[in-house]
Amino acid sequence: MPKVSWNAFINAGHPDASLLGNMLSPRTPTPFDKNMRELPSPFAALCKELGTIIKGDWAAKKGGLKSPCVFLVADPADVALVHAAIGLRSRQSVTGKPWRTAYTLDFSDREVGPLLRKQGYNV
């Protein structure tokens, strides 16, 4: 999981990089699980999951209330792994950006609960 900073990723110049993104709530509906363990934000939970999937360089940028959470992935093979594990849709070719393709992650707030359970939280 070689997660790097956003600027370091951009400066490294990955020619086949892809941008993955989607809107996520800034926090879970309740701050704790049934065992009173603090829950991570949907963004943090998704970052943790991507860290188990992606083998090469990647970067993440947390979205705001009206901006999406976005992830840059250097290797197209890692994008294929994310597609198989989480799902991608809406592929677009991009020019003039530090990434070649952009995808919408097939992941939304309704998938956060199952992901948190997978990560060991009692929700």
Side-chain angles (χ1 to χ4, degrees):
M1 167 188 127
K3 182 179 173 197
V4 297
S5 76
W6 189 266
N7 289 339
F9 188 99
I10 299 292
N11 292 336
H14 298 284
D16 295 323
S18 293
L19 177 87
L20 318 176
N22 206 350
M23 299 295 287
L24 291 174
S25 294
R27 61 186 71 71
T28 56
T30 58
F32 300 99
D33 73 0
K34 294 174 185 171
N35 296 332
M36 297 308 295
R37 286 178 46 202
E38 187 174 1
L39 293 172
S41 69
F43 173 76
L46 184 54
C47 280
K48 182 176 180 181
E49 183 68 11
L50 289 174
T52 67
I53 298 168
I54 298 171
K55 307 298 181 218
D57 284 348
W58 66 287
K61 195 173 199 181
K62 189 175 184 177
L65 289 176
K66 295 188 178 190
S67 61
C69 296
V70 289
F71 306 89
L72 288 173
V73 180
D75 189 345
D78 283 329
V79 173
L81 292 173
V82 172
H83 179 61
I86 294 174
L88 299 172
R89 59 178 191 256
S90 305
R91 181 179 191 265
Q92 298 176 324
S93 294
V94 180
T95 58
K97 299 281 184 190
W99 52 87
R100 184 171 290 191
T101 53
Y103 297 88
T104 300
L105 277 166
D106 197 11
F107 184 88
S108 64
D109 288 338
R110 71 178 174 271
E111 283 86 32
V112 172
L115 179 58
L116 290 172
R117 280 191 286 284
K118 178 182 176 188
Q119 293 176 355
Y121 292 93
N122 187 7
V123 293

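The structure presented is a predicted model; accordingly, all values stated were derived computationally and were not measured.
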Notebook entry, point to check: What residue pairs, at least two apart or across chains, pass salt bridge (Lys or Arg N to Asp or Glu O under 4.0 Å) with a residue in residues 35-46?
Noted result: none
Next item on the list: Identify the heavy atoms of F71 and A60 that sit nearest to each other, and give their distance.
Entry: CD2-CB, 3.5 Å
Contacts under 3.5 angstrom, residues 11-20 side chains, donor-acceptor by atom type, not counting sequence neighbours:
from, atom 1, to, atom 2, distance (Å)
N11, ND2, N7, O, 3.2
D16, OD1, R100, NH1, 3.2
S18, OG, T101, OG1, 2.6

Note to self: Any heavy-atom pair between the side chains of L116 and T28 that's under 4.5 Å?
What the structure shows: yes
Next item on the list: Would you check if N35 and Y121 make a side-chain contact, meaning some heavy-atom pair closer than 4.5 Å?
Entry: no
Next item on the list: State, to 0.1 Å, how close C47 and W58 come at their nearest heavy-atom pair, and which atoms those are.
Entry: O-CH2, 3.4 Å
Next item on the list: Report the C-alpha separation of L72 and W6 in whole Å, then their side-chain angles, then the decisive distance to 0.1 Å, and conclude whether the side chain to side chain contact (heavy atoms under 4.5 Å, CB included) test is met.
Entry: CA-CA 8 Å; L72 288 173; W6 189 266; 3.5 Å; yes
Only distances under 3.5 Å count here; give the side-chain donor-acceptor pairs of residues 89-99 to other protein atoms, sequence neighbours excluded, each with its distance to 0.1 Å.
from, atom 1, to, atom 2, distance (Å)
R89, NH1, D106, OD1, 2.6
R91, NE, Y103, OH, 3.0

Item checked: Atom pair CZ (F43) and NZ (K48), whose distance is rounded to the nearest 0.5 Å -> 14.5 Å
Check: Taking all atoms of both residues into account, what is the closest heavy-atom pair of S5 and A59, and its distance?
Finding: O-CB, 3.9 Å
Check: Excluding sequence neighbours, so at least two apart, what forms salt bridge (charged side-chain N to carboxylate O under 4.0 Å, His left out) with E49?
Finding: K118
Item checked: Any side-chain heavy-atom pair of I86 and L46 under 4.5 Å -> yes
Next item on the list: Grab the two heavy atoms, one from F9 and one from V4, that are nearest each other, plus how far apart they are.
Entry: CB-CG2, 3.8 Å
Notebook entry, point to check: Ignoring hydrogens and geometry, is there a side-chain-to-backbone donor-acceptor pair from N22 to T104 under 3.5 Å?
Noted result: no
Next item on the list: Would you please name every residue forming a side chain to side chain contact (heavy atoms under 4.5 Å, CB included) with R117, sequence neighbours left out?
Entry: P114, V123
Next item on the list: List the atom of D33, the atom of N122, and the distance in Å for their closest heavy-atom pair.
Entry: OD2-N, 3.0 Å
Notebook entry, point to check: Does a donor on one side chain and an acceptor on the other come within less than 3.5 Å for D109 and S25?
Noted result: yes
Check: M23 and L50: same hydrophobic cluster, using ILVMFWY side-chain contacts below 4.5 Å?
Finding: no
Checklist line | Gap separating the NZ atom of K62 from the SG atom of C69, nearest 0.5 angstrom | finding: 7.5 Å
Next item on the list: Please report the closest heavy-atom contact between P40 and A44, naming both atoms and the distance.
Entry: CB-CB, 3.9 Å
Notebook entry, point to check: Does some side-chain heavy atom of L105 sit less than 4.5 Å from a side-chain heavy atom of V82?
Noted result: yes
Next item on the list: Just jot down the side chain to side chain contact (heavy atoms under 4.5 Å, CB included) partners of L81, sequence neighbours excluded, or say none.
Entry: I53, K55, D78
